[in-house]
Amino acid sequence: MGIQGLLQALKSSGQPINVSEYKNQKVAIDTYGWLHKGCIQCAAELAQGIPTAKYIQFVMHRVNLLRHFKVIPVMVFDGGFLPMKKETEEERRRNREHNVQKAMELLRSGNRSQAEDFFQRAVDVTPLMAHSLMQTLREEGVEFFVAPYEADAQLAYLARTGYVSAVISEDSDLIAYQSPRVLYKMDKFGNGLEIQMVRLPMNKDLNFNHFTPTMILTTCIMAGCDYLPGLPGIALKTAHRLVKQYRSIECILQILLAESKYSFTPQDLVAYASKFQQAMRTFHHHYVYDPTTRTIQNLTPCPDTEGHVEGDWDFLGHRMDTATARSVCEGYANPYTYELYSTEPTADARLYRSHSGRRLSGQDPRESVAAAPLNSVELMGQRKVTSFFSLAAPPAVAPAAPALPQSQATRAEFKAPRPKSPEAGDLALATAPGPCGAKRLISDAADAEPAPAKRKRVRLSRYFAVLQDDTSPGNAEFD
DNA sequence: GTCTAGTCGTCAT
DNA sequence: CGACTAGAC
């Protein structure tokens with residue numbers, strides 16, 4: 001569910017752009033969204049276990065769109081589920097099973113189109129399908145990673161460290177994870193709405209001027225997020241107003257206790273405060289995979305207190321050892337079971353290969369590089385696009401793309417999950433009263449990391465003429 | 001104006 | 001996943 005209403009509220013500071021703006025840059029893609037859309041047209045086949053390559057074709061079409069524009073895609077997949085989200089996951093699964101059953105009944109009674117409808121409702125992206133796509137990506141020389149847990153955190157990490165210039169996604173959590181640039185709602189022509197962190201202060205409906213990263217995150221969590229439902233009667237607008245006025249969660253909760261409009265008991269708020277801290281830490285210190293060192297890291301490093309402070313950090317999931325992480329995150333092992341995949345191509349991957357192999361009379365697609373005509377963004381308007389991409393599959397000329405480890409360096413002994421040693425709390429959530437009038441000002445100057453891809457451009461929105469210095473906020477530390 | 005819970009659509013012919 | 005909306009405060 002992401003942050004309810006956030007994207008809608010941030011529309012006014014977004015800018016319509018084409019993905020070709022990222023020419024010669026790396027861009028990370030939230031692959032789940034593309035896979036899910038690609039599954040709809042072959043929902044019936046997938047539900048019945050009939051091999052199909054349509055979902056792979058859908059994703060590869062978009063990958064080739066990017067490569068046509070010399071944009072270098074880095075595909076990111078979801079990994080394991082967090083314990084906190086387990087409930088919703090299982091409810092979704094029950095729902096899907098119900099829909100499949102209904103579809104099968106309709107199919108048996110000869111009602112094909114209605115059955116199709118229920119198959120589409122039952123669409124589910126399985127690890128096997130993801131694996132089939134990964135095999136194809138590997139074959140096509142496209143870089144990809146599997147996140148240890150949430151893809152959102154991984155995507156934000158890649159963008160925040162400068163490994164990529166932007167993220168393509170549909171998920172509002174990218175804002176909570178503070179990805180500096182996100183392209184939302186990208187269509188098959190590459191057109192979408194880009195939301196930049198540095199532009200949030202110019203937003204109309206919800207004004208984030210003078211908001212620190214922590215305040216933005218506080219707003220997001222209070223509005224209701226995947227890890228914590230909002231307080232009754234408080235959603236995005238109210239959360240934003242409260243954070244603007246009182247800055248810290250400690251103060252906000254004290255105010256809410258006194259506010260007669262709401263009838264929160266101290267017990268309510270104490271319980272909420274504890275869950276809030278957990279959600280804050282989950283966003284903040286989420287496990288990610290660092291492609292440069294090929295190790296597990298925290299999105300923002302945990303405060304180092306030499307392990308003195310006790311605390312339950314299991315909600316972050318379990319920290320894989322390095323060997324396991326490399327296997328899982330580079331796509332050689334199942335992210336749930338850590339079981340190594342067979343190197344044998346899946347039926348779907350084979351099917352895709354046999355289809356795509358036909359496009360140039362059996363030639364290796366990698367040898368047909370400049371076949372695609374160069375066309376400008378302006379031409380990409382509305383039509384006559386599709387013809388290009390059946391041919392265009394030049395391997396991304398990725399100067400910085402690390403060679404995908406094809407070796408078995410990733411083979412490893414897989415250890416049983418073990419909880420990570422706890423560290424200090426990053427946010428003291430006082431349930432006891434404290435000074436709340438003039439709260440400390442968290443310095444904004446922590447954001448010093450220079451953006452790797454720095455460029456200037458002039459852009460006009462309906463409301464502003466802005467000279468935009470395109471800097472990424474980098475990694476903000478705010479513990 | 002604000003919040004909530006529910007329904008619908010994502011593809012592509 | 002989000003978008004959209006009817007209905008309650």
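First the proteins, then the strands, lettered A, B, ... as listed; each starts at 1. This is a predicted model, so every value here is computed, not measured. The basis for the numbers below is simple: all heavy atoms, side chains too, and nothing from hydrogens, waters or symmetry mates.
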Tell me the interatomic distance from [X], atom [atom1], to [N], atom [atom2], rounded to whole angstroms.
X: A/Phe119; N: B/dG9; atom1: CZ; atom2: P; result: 19 Å
X: A/Leu231; N: B/dT4; atom1: CG; atom2: C1'; result: 14 Å
X: A/Ile234; N: B/dG1; atom1: CD1; atom2: P; result: 20 Å
X: A/Asp205; N: B/dG1; atom1: CG; atom2: P; result: 10 Å
X: A/Arg112; N: B/dT13; atom1: CZ; atom2: P; result: 15 Å
X: A/Ile175; N: C/dC1; atom1: CD1; atom2: C1'; result: 15 Å
X: A/Leu193; N: C/dA3; atom1: CG; atom2: P; result: 10 Å
X: A/Ile168; N: B/dT10; atom1: CD1; atom2: P; result: 21 Å

State which of [options] makes the closest approach to the side chain of [X].
X: A/Lys188; options: C/dC1, B/dT10, B/dA12; result: B/dA12
X: A/Asp226; options: C/dC1, B/dT10, C/dG2; result: C/dC1
X: A/Asp171; options: C/dA3, C/dC1, B/dT10; result: C/dC1
X: A/Lys37; options: C/dC1, C/dA3, B/dC11; result: B/dC11
X: A/Arg62; options: B/dC11, C/dC1, C/dA3; result: B/dC11
X: A/Gln8; options: B/dT4, C/dC1, C/dA3; result: C/dA3
X: A/His36; options: B/dT10, C/dC1, C/dG2; result: B/dT10
X: A/Ile40; options: B/dT10, C/dC1, B/dT4; result: B/dT10

By the 4.0 Å heavy-atom rule, please label [X] as base, sugar-phosphate, or nothing.
X: A/Lys185; result: sugar-phosphate
X: A/Gln120; result: base
X: A/Gly33; result: nothing
X: A/Tyr32; result: nothing
X: A/Leu6; result: nothing

If I compare all heavy atoms of A/Ala122 with all of A/Asn99, which pair ends up nearest, and what's the gap?
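Smallest heavy-atom distance, with atoms named: CB-CB, 3.7 Å.
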
Kindly give the heavy-atom pair with the smallest separation between A/Leu206 and A/Asn203, and that separation in Å.
O-ND2, 2.9 Å

Give me the one residue out of A/Arg181, A/Lys26, A/Glu21, A/Gln25 that meets side chain to side chain donor-acceptor pair (under 3.5 Å) with A/Ser165.
A/Gln25

Pairs involving residues 111-141 of chain A, ordered by first then second residue, that meet ring pair (Phe, Tyr, Trp, His ring centres under 6.0 Å) (sequence neighbours left out):
A/His131-A/Tyr341

Answer yes or no: does a side-chain N or O of A/Ser172 lie under 4.0 Å from OP1 or OP2 of C/dG2?
yes

Does A/Arg92 have a side-chain nitrogen or oxygen under 4.0 Å from the phosphate oxygens OP1 or OP2 of C/dC1?
yes

Parallel, tilted or perpendicular: which one describes the rings of A/Tyr177 and A/His286, with boundaries at 30° and 60°?
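The rings of A/Tyr177 and A/His286 stand perpendicular, inter-plane angle above 60°.
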
Centroid separation A/Phe208 to A/His240 less than 6.0 Å:
yes

